[in-house]
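Values in this document were obtained by computation on a predicted structure and should not be read as measured data.
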Amino acid sequence: MKCLLIASESAEVLFYWTDPEFEQNIQEQYGASQEEGEKPPAFEDCINTLFAPIIISCSTMVDRLGDGYTSFSTENNHSYVLHQFEECLYIAVNGDGEEGEEDLRRKIYVMKKMIEVLFGVVTLSSPLLRKELRPQDTEQRTRLWKHLQSLLETYSRLKEQDQSFLVEAVERLIHPTLCEQCIEFLERSLVQQINSSVERAGEEVLHAFILVHTKLLAFYSSRNASTLTSSDLLALIIMVQNMYPSNIDLEDCAPEDVENTSAPDIFYTPEPSPTNRDSGTDGDSFVDPDIQMAEDSLQTLECPPHDPSTPSRVFLEVMLKEGCYPMMPHSMYCLPLWPGITLVLLTKIPKSNLAMSIYVFLEAFAKLEKRLSEGLEGSAARGQTSIQDLRNKLDKFIRAVGTVDIQTSALQSVWTEFKSRAFIRGGHGFNRGLVPWCRGMKTQLCGVYRQCFMAENGVGGGGPQRLSPSLQDRALIMVQEKLIDWKDFLLVKSRRNITMVSYPEFPGLIHFIYIDRTAGQMIAPSLNITDRATSELGKGPLAHFIKGKIWGLVNTSRLYLQKGYSTVTLRDGDYFFCYFLWFENETGYKLEVKELPILPDDSAPIGMLAMDYYRKLLRYYSKNHQGEVVKCYELLTVHLGVIPVEYILQHCSQLARKLWEPSRIPLL
Amino acid sequence: MADNTVADSRYNYFFLYDGSKVKGEGDPTRAGICYFYPEETPLDKQELLCGQLAGVSRCVSELSSSPVRLLRLRRSKFAIRMKGDFLWALGCSVDIPDVSICNLLDQLINLFSFYNGPIRKSYQIYSQEDLAVRWARYLSHLQEGTTELHHIFSCLSTIDSTHIDPLLLLKAALILQACQRCPLVLAGCILFRGRVVSTQMSPDLTVKVMVHETETYNQDQRTNGLSSSSSSGSSLPSPVTFTTVFLTDPELHYLHSAPVDRTTRSQSTQSTPKEVNRPRKSRLLSRTLSDTPPSDPPEPDPARPAPLSLHCPSTPGSSTSDDLLFSPSLSFHTPPGPLSPSPSTVSPQISYHSLPNGKSSHEVEEGVTGGLHDQSLDSLEGGDSESGLIGVGPVQSCDIPHDLNRHNGDSMALDGEKAGALGFRGQNSPGCGRRRTGIVADEKEGHRGKVQLADTGDVPPAPCENSSGPPLTTMTLYQHRVRGLVLALLVEPHFHNDTAAVEEVYHSSLASLNGLEAHLRTTARGGAGPQGPYTFAHYDCIQNTLTTNLSGRPGGAQERSFVRATSLLHSHFSHTEALQEAIVRNAGAAVYATRSVAQETYFLQQGGALRNSGIPNHQDSAFSLPSKARHRLLKHGVNLL
């Protein structure tokens, strides 16, 4: 009984996702009110009709009371969470008790994050976003919605199964030597070769990384690239997982693999590979349940076959010296090395400096609009010089854009109108009456942006602009050759990255999660809850029980962190849980705790994937530590309740010290 | 103690909306608004809130096939109850935990039905304006006079037992016990200035009874505002009032199953009519409060049909029936009611004021036998004694201890042949008039009739059906006020007409009440005791009481931080069953919380800022809180072992 709905203010459904139970529930309700023999209406219409009163009431409350709904709950514990982003209302529903309000809110924010990654700056203009999310063409709409639905399902699956998506931090494969080798390989061989090739069609590889399932093996960023934020990296992993899903239940380890990994596996060196290997076909002949899986899930999507050489257009944050530009266009190439192992290339596309200019203009108009609508005409006019500056720059921009084959007539005419109103009578035109024209300019700028970076993209559609397929193939083969000996090891390692048996000095410790929030990385013993594989937690119900406890603990710790508590210990049944958050400087010196902000119940979820809480927290904390690098860490532990608290706390501090080292593995 | 400026902003809205009045397209929303608080809200805003919230609630409850419980907005939240066409909504700020606001709304709705009966019915009988006055009264009752902590736990406000001589609490319990000798008295409580001194009723019921008390106390007048209550016309003076109240079945069952000294009642029912009319001396009764008098209050004449309460406006088809299920002898087989706490977790000092009478008697035997039956009790009768209970003289007569023992044996009634024999005697007198008046609770289709458990055959069982709530039974609330002190008794409806019984109860308790009031007045004045370098709150989930050293005044940063942590932890406890202990810490303060089935305790150690980095460190002072709490709270009667 789950549902997620995006609606416009006029109660038009812009997107929906439901699970089969919810769909059935809706249809039953609708069936009851339906005359005999009548054809049941389309599901989209049913859902629209049933939710319309809620959506309309929500906007009525906002208009007339200035306060909108955030959540409903019913006596049978159904939860509804509502959140308005600009003119789009998101509603998430759960009726099976599997998700709480926090989970639903998180789902809403993640959905919004995915839409931003897919549509970029267009999301800043509500009318354009409406058109984008609900294309007129039914077939196109179905395809887009299917894509978004499957992204949402992939996210939900990862959040349920994967600890790194539970805590929203990237998990790295712990194998420093291999990691270093790979990074060196990516830098010296791969990226250099691609970027010096003539077949790159003006694109430039900025970031390259190798994923083993959801875990990061190696990550390389070229020298002139800005850092990829954790939020964006996590979103990209969701997209990769959506394209090439790895299924935990089907994946199983052969017994010998298990033996391999239960030994301290950092010293694993592969057998030399057979000399007569044919690297090109080796991967293809490999038959794995994962291939089956990937094909199956693609078929259920009923999408036209995806051309693997077509990049996905993604919009990611770029941090430069001049400032921060969110949602700048990139192309993402996902090259599957083997099932479960993927090479991802992120490239800068030509024209991307256009995106930056457009963003600067958008920001300027947004600021102007805000000042005007707050009645601060004075200060708007005082910004005369910057307004003049804006005028000159925009004039130049329109002339420049006109030459590169982009429709600018609409922008041109709105801009002309704007100028004639604003710069009349020596700046007296800056008044409230200009607000709609500010909006108009924003919409037009977003329209130009859309033309530049979206039109050729389309979901599944391909433009001519990309690294040539042969170049992509060469890159793929290069990396395959490099990693062929490690392939099986990596697949197993990704399941047993680190294991609790490596921590015998902590008797009674059942599980822990250690997170470096500055780097956005986490370490935790693997939790494999499958029917076939026995993990250290045992099999079946107990393992599931403990997994449930861990998931619950993470939610609880967030609840307290939201209210400003950085240390929590809980005795829950037979278990004892601890949660700690602390700050250090670069040398590992522990910084003193500061009063953390207390957030309202309906604030953005605490995490890194959407609306990065920790980034804000670090910024907040660093105010008192100017010129010092501040790092933020979290540790969660689960102990047996019979262990005396004193020992538990000792364990926690020893563990924090011990784990400090591995997290030093360089990301670059 | 009361912090009204805070209280005022605690609930920003309350309304009752009747959807059945707004069915057609053209029906204005205002037609459905039965009551809206604050009443000065502009009508269009009332309509907006009622219309939107009711509309959304209906829509959501259709989607989920279940009534809505809570609607949250960015700046406020509304607890919702939906029953039939009616919708109640109570709005508050977002700081109040969900569980608390939902509890409060339920309390409010239950209060209304306690005094007015079924909602639909009461809106047919009374005008909207009359009922509006009542809603306002109940609302203000729930808001006033308590601290924020009381709201988090929605608990009873009790007098601070640590500053009261325990003998006074015992005396209060004994007064209640004595009143119960009249078989028409079901249970009672004693309140002082809006706080509970002693109660025999469940916490829920006590809260309901308190509304009336607080109301009359605040008005400071002898007559009361409720139209359905009246002063007894007989020889009783004006401070006695009778109010018709409506009890739910579980409440009634609870009252009947509470361990009451039934044996003495049974005895009394066998007394001859001559004895009934024997003039009684209040002196005798009050001197031997726990003594078993040779004869007891008059029994109602079994041959006479129980009189209908004239003051019960909603009993057009009422009938009487003897409820054999609840016959006195049955009480022997029921364990002590949930009011009796587990002795291992609550210190005796605390437990006094709310122990059921049986247990109190037991403690009399164990501990305070010497001090109880002495001259000071006699001297209390005049109400002029300031000498107090202590400084006792010798036991007056040697037969009193004997009586006491006998009484204790009877009241425990769980073992001993004598008790058993008495029990059987009680059972053998089925004619004793334990009657109650059923009411026709709802006007509409009365098919699903509530089956009366047994009847004497005089009148067919009354259909007591109610489409919008549980069946309700009418009872009468007897209240006797002595300045700040109130004795409230739940009595059978025909008690009111039984002049002899009324006089009996009145006169037997008058002197003791006077004495108790005088003592409470002089001792209860003491302000909050010395505060230690810590803050704590101890919530008893069973008795629904709170012990805390936090004053109601707006406190410092640490106190606010304590309240915030407590509210968070309390709601965490309320939805995580397995959670037993928690320590949460921010930069300024660490709070320790622990709970068992029966209680929740919160503890904050005050003092210098905890200088720490937040990294796990077993020497951290926050983790020594549990042992500190155990140690410190012992002297407050909180045992965390």
Side-chain angles (χ1 to χ4, degrees), chain A residues 25-26 29 50-51 53-54 57-58 60-61 64-65 67-76 78 80 93 95 556 559-560 563-573 578 580-584 590-596 598 600-602 633 635 645-650 652-653 655-656, chain B residues 44-45 48-49 51-53 55-77 80 82 94 98 561 564-565 568-569 572 576-588 590-591 594 610-620 622-623 626:
Chain A
N25 178 46
I26 294 282
Q29 282 192 23
L50 287 170
F51 276 97
I54 300 178
S57 175
C58 198
T60 313
M61 291 294 272
R64 294 192 49 195
L65 210 64
D67 199 359
Y69 302 117
T70 58
S71 71
F72 311 137
S73 56
T74 65
E75 283 178 20
N76 60 357
H78 287 204
Y80 294 65
V93 186
T556 305
L559 203 83
Y560 285 104
K563 298 298 174 193
Y565 298 97
S566 59
T567 304
V568 180
T569 66
L570 306 166
R571 183 179 296 283
D572 185 327
C578 298
F580 299 94
L581 176 140
W582 70 95
F583 297 94
E584 291 177 7
K590 315 290 177 284
L591 301 173
E592 200 178 321
V593 160
K594 199 176 145 187
E595 202 70 56
L596 302 183
I598 298 171
D601 289 342
D602 62 325
Y633 295 90
L635 176 68
V645 176
E646 211 186 57
Y647 290 112
I648 292 179
L649 294 165
Q650 242 163 34
C652 291
S653 61
L655 199 57
Chain B
D44 59 335
K45 188 163 181 186
L48 172 72
L49 276 170
Q52 296 301 323
L53 297 191
V56 155
S57 299
R58 231 187 58 200
C59 192
V60 170
S61 57
E62 272 171 20
L63 262 168
S64 286
S65 338
S66 168
V68 170
R69 195 72 190 93
L70 193 73
L71 296 180
R72 255 188 280 177
L73 287 83
R74 263 180 291 130
R75 288 200 298 273
S76 57
K77 60 178 150 194
I80 304 281
M82 301 169 77
V94 285
D98 295 353
S561 134
R564 208 169 41 231
L568 202 59
L569 286 160
H572 192 186
T576 316
E577 244 168 56
L579 185 64
Q580 298 146 21
E581 266 190 325
I583 296 172
V584 298
R585 186 195 33 203
N586 56 21
V591 174
T594 176
L610 306 141
R611 254 186 85 89
N612 68 75
S613 63
I615 194 166
N617 175 6
H618 63 283
Q619 284 165 341
D620 205 324
F623 303 115

Practice problem: Would you check, one step at a time, whether the test side chain to side chain contact (heavy atoms under 4.5 Å, CB included) holds for B:L63 with A:I26? | Solution: CA-CA 8 Å; B:L63 262 168; A:I26 294 282; 3.7 Å; yes
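The backbone N or O of B:R75 lies less than 3.5 Å from a partner atom in the side chain of A:D67, making a donor-acceptor pair. A:T70 contributes a side-chain N or O that, together with a main-chain N or O of B:R72, makes up a donor-acceptor pair within less than 3.5 Å.
For A:L596, no part lies under 4.5 angstrom from a heavy atom of chain B. Contacts of A:V645 with chain B are absent, with no heavy-atom separation under 4.5 Å from either backbone or side chain. Only the side chain of A:F51 comes within contact range of chain B, with at least one heavy atom under 4.5 Å from a heavy atom of that chain.
The heavy-atom pair separating A:Q29 from B:E62 by the smallest distance is NE2-O, 2.9 Å.
Your options are B:L53, B:V591, B:L579, B:I583, and the one with the most heavy-atom pairs under 4.5 Å with chain A is B:I583. Comparing B:L568, B:V94, B:T594 by heavy-atom pairs within less than 4.5 Å of chain A, the highest count is held by B:L568. Among the candidates B:D98, B:I80, B:L569, the residue making the largest number of heavy-atom pairs closer than 4.5 Å to chain A is B:L569. Between chain B and the options A:D601, A:N25, A:V93, A:T60, heavy-atom pairs under 4.5 Å are most frequent for A:T60. Interface summary for chain A: among B:S61, B:G55, B:P626, B:A565, the most heavy-atom pairs under 4.5 angstrom belong to B:A565. Considering only heavy-atom pairs separated by less than 4.5 Å from chain B, the leading option among A:V568, A:L65, A:I648, A:N76 is A:N76.
For A:Y69, the ring-ring contact (aromatic ring centres under 6.0 Å, His included) partners two or more places apart in sequence, or in a different chain, are A:F72.
Put simply, CD on B:E581 and OG1 on A:T569 are 7.5 Å apart, with the number rounded to the nearest 0.5 Å.
Taking the six-membered ring where the residue is Trp, A:Y560 and B:H572 present tilted rings, their angle falling between 30° and 60°.
Applying the side-chain contact (heavy atoms from CB on, under 4.5 Å) test between B:Q52 and each of A:P53, A:S57, A:C58 identifies A:S57 as the sole match.
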